[in-house]
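As the structure is a computational prediction, the values presented were derived from the model and not from experiment. Within every chain, numbering begins at 1; the chains are lettered A, B, ... in the order of the sequence lines, protein sequences first and strands thereafter.
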Protein chains: 2
Amino acid sequence: MDVLRRNTDYALRAMVGLARQDGQEPVSARWLAKEQDMPYQLTCKILQKLHNARLVESCMGPKGGFRLSRKPSRISLRDVIEVVQGPVQLNRCLLGVSECPRWPKCAVSKRLADLQRHIDGYLGEITLDELLTSRSMKKPKTKGKPGRKNV
Amino acid sequence: MDVLRRNTDYALRAMVGLARQDGQEPVSARWLAKEQDMPYQLTCKILQKLHNARLVESCMGPKGGFRLSRKPSRISLRDVIEVVQGPVQLNRCLLGVSECPRWPKCAVSKRLADLQRHIDGYLGEITLDELLTSRSMKKPKTKGKPGRKNV
DNA sequence: CGTTGTAGGACTATTATAGTCCTATATAGC
DNA sequence: GCTATATAGGACTATAATAGTCCTACAACG
C-alpha cells in the first residue's frame with residue numbers, strides 16, 4: 001500500500017479537525033468522526049494514541065473531548081505519523097546497523113540513509129497549520145464505505 | 001521492512017548478484033537463491049517479474065539462467081523497486097488528483113507532492129553499480145565510487 | 001445518579017504480503 | 001529422440017499487518 005496508512009490519514013484528519021476548532025472548547029470524538037467521515041470507534045482509538053503521545057489533551061465527562069496540546073504551527077506531520085504508524089523507514093537496516101544479519105555483506109545503506117534523512121527532515125518541517133487552509137471546505141458528497149479518502 | 005518490502009530486497013539482491021557475475025554466462029535462479037539466502041521458488045517468481053519488465057534477459061535449458069539486460073550503471077533502484085512493489089507513493093492521491101473523493105476538502109498535496117518528487121528522483125538516481133562495492137564483503141569501502149551521483 | 005464523554009483491553013475481519021506446489025515448455029548434450 | 005536442467009507461470013496456502021468492533025470501566029457535569 002502507500003507509505004502513509006489509512007489510520008495515519010485518519011489521525012491527520014482528526015488533528016486538522018481539532019486545529020480548526022482552535023478554541024478552548026474541547027471537541028468530542030463523536031463529532032470529529034462524523035465531521036471527517038471516520039469510523040467512530042477507530043477515531044477514539046487514534047485519539048487515545050495521540051493523547052498518550054501528548055499531541056492532544058483530553059477532558060472526560062459531558063462537555064469533554066479533545067484539543068490540541070500545542071499550536072498547530074508546532075505540530076509536524078512527522079509527529080502525527082510517528083504516533084500512528086511509527087517512523088517512516090525505507091529499510092529496517094537504516095535504523096540500527098547492529099541489527100542487520102547480513103552486514104557487512106549488505107550495505108545499500110549509504111545513499112538510502114541520505115534519502116531517509118531527507119524524508120525525516122521534510123516531514124518534520126511540514127506543520128499542521130499548513131494543512132488547515134487547504135482542508136477548510138465542506139465536502140460535496142462521499143458516502144459509502146469509510147474507505148481511504150485522502151490525506 | 002517498511003517502505004521497501006522483503007521481496008524488493010530479494011530483487012535487489014538478485015540484481016546485485018547478477019551484476020557481480022558481470023559476464024556473458026547466464027546465472028541460474030537456483031544459484032542466485034543460494035548465494036543470496038533467498039527462497040528458491042520466490043527467487044524464480046521475482047526473476048520472472050524482472051524479466052517481464054525487461055530488466056533481465058533469460059535463457060532456458062541447461063546452461064540457461066539470467067543476466068542483466070543493460071549495464072548496472074543504467075539500472076536504477078527505482079526501476080527495480082517499481083517492478084516488485086510498484087511505485088513508492090506517500091499517498092494514493094498524489095498520483096492522480098482526479099481520483100480523490102475528498103477534494104477539495106483535502107489537499108495536503110502540495111508539500112507532500114514535493115517530497116514525492118524528491119523521493120522518485122532520488123531513487124531514480126541510485127544505480128545498481130553503486131550497490132556493488134558496498135555489497136561485496138571482501139572489500140572494505142576504502143574506495144570512492146565512480147558512479148554518477150548527479151542530480 | 002443519569003447522561004455524555006474518554007480509557008483501554010480483547011477481540012474479529014480484512015487485506016496484503018510472502019511463500020509453495022504443480023505442470024508446461026524450452027534447450028543442451030548425449 | 002531422450003533426458004536432465006533450466007525458465008514460465010497459474011493456482012494455491014500461510015502468515016502477518018492493518019483496520020475495525022465490542023465491551024466494560026471510569027470521570028465529570030448538571
Strictly below 4.0 Å: does B/N7 bring a side-chain N or O up to OP1 or OP2 of C/dA18? yes
Residue-phosphate contact under 4.0 Å: A/Y10 side-chain N/O, D/dA19 OP1/OP2: no
B/D9 atom CG is separated from C/dT17 atom C1', nearest whole Å, by 14 Å
Value in whole Å for how far the P atom of D/dT5 lies from NZ of B/K34: 14 Å
Rounding to an integer number of Å, can you tell me how far A/M38 CE sits from D/dT21 P? 13 Å
Donor-acceptor pair (no angle test) under 3.5 Å: B/K49 side chain, D/dG9 base: no
Measure NZ/A/K45 against C1'/C/dT12 and give the value in whole Å, please. 13 Å
When the distance from CH2 of B/W31 to C1' of D/dT7 is rounded to whole Å, what number comes out? 18 Å
Distance in angstrom units between A/Q41 CD and C/dA10 P, rounded: 16 Å
State which residues pass salt bridge (Lys or Arg N to Asp or Glu O under 4.0 Å) with A/R54; sequence neighbours excluded, sorted by chain then number. none
Pair B/D9 + B/R6: basic N to acidic O under 4.0 Å: no
Is the distance from OP1 or OP2 of C/dT15 to the nearest side-chain N or O of A/R6 less than 4.0 Å? no
Which residues satisfy the side-chain contact (heavy atoms from CB on, under 4.5 Å) test with A/E82, sequence neighbours excluded? A/R78, A/P87
Measure CG/A/D2 against P/D/dA19 and give the value in whole Å, please. 10 Å
By salt bridge (Lys or Arg N to Asp or Glu O under 4.0 Å) - contacts of A/R70 (at least two apart): A/D79
Contacts of type side-chain contact (heavy atoms from CB on, under 4.5 Å), residue B/V3, not counting sequence neighbours: A/V3, A/V88, A/L90, B/V88
Would you check if the side chain of B/Q85 reaches a backbone N or O of B/R5 as a donor-acceptor pair within less than 3.5 Å? yes
A/R5 CZ to D/dA17 C1', straight-line distance once rounded to whole Å: 8 Å
Taking side-chain contact (heavy atoms from CB on, under 4.5 Å) as the test, write out the residues that go with B/P39, two or more places apart. B/Y10, B/L42
Write out a two-atom table: protein N or O, nucleotide N or O from nucleotides 1-7 of chain C, distance below 3.5 Å.
residue : atom : partner : partner atom : Å
C/dT4   : O2   : A/P62   : N            : 3.4
C/dT6   : OP1  : A/A29   : N            : 2.7
C/dT6   : O3'  : A/S58   : OG           : 3.4
C/dA7   : OP1  : A/H51   : ND1          : 3.2
C/dA7   : OP1  : A/S58   : OG           : 2.8

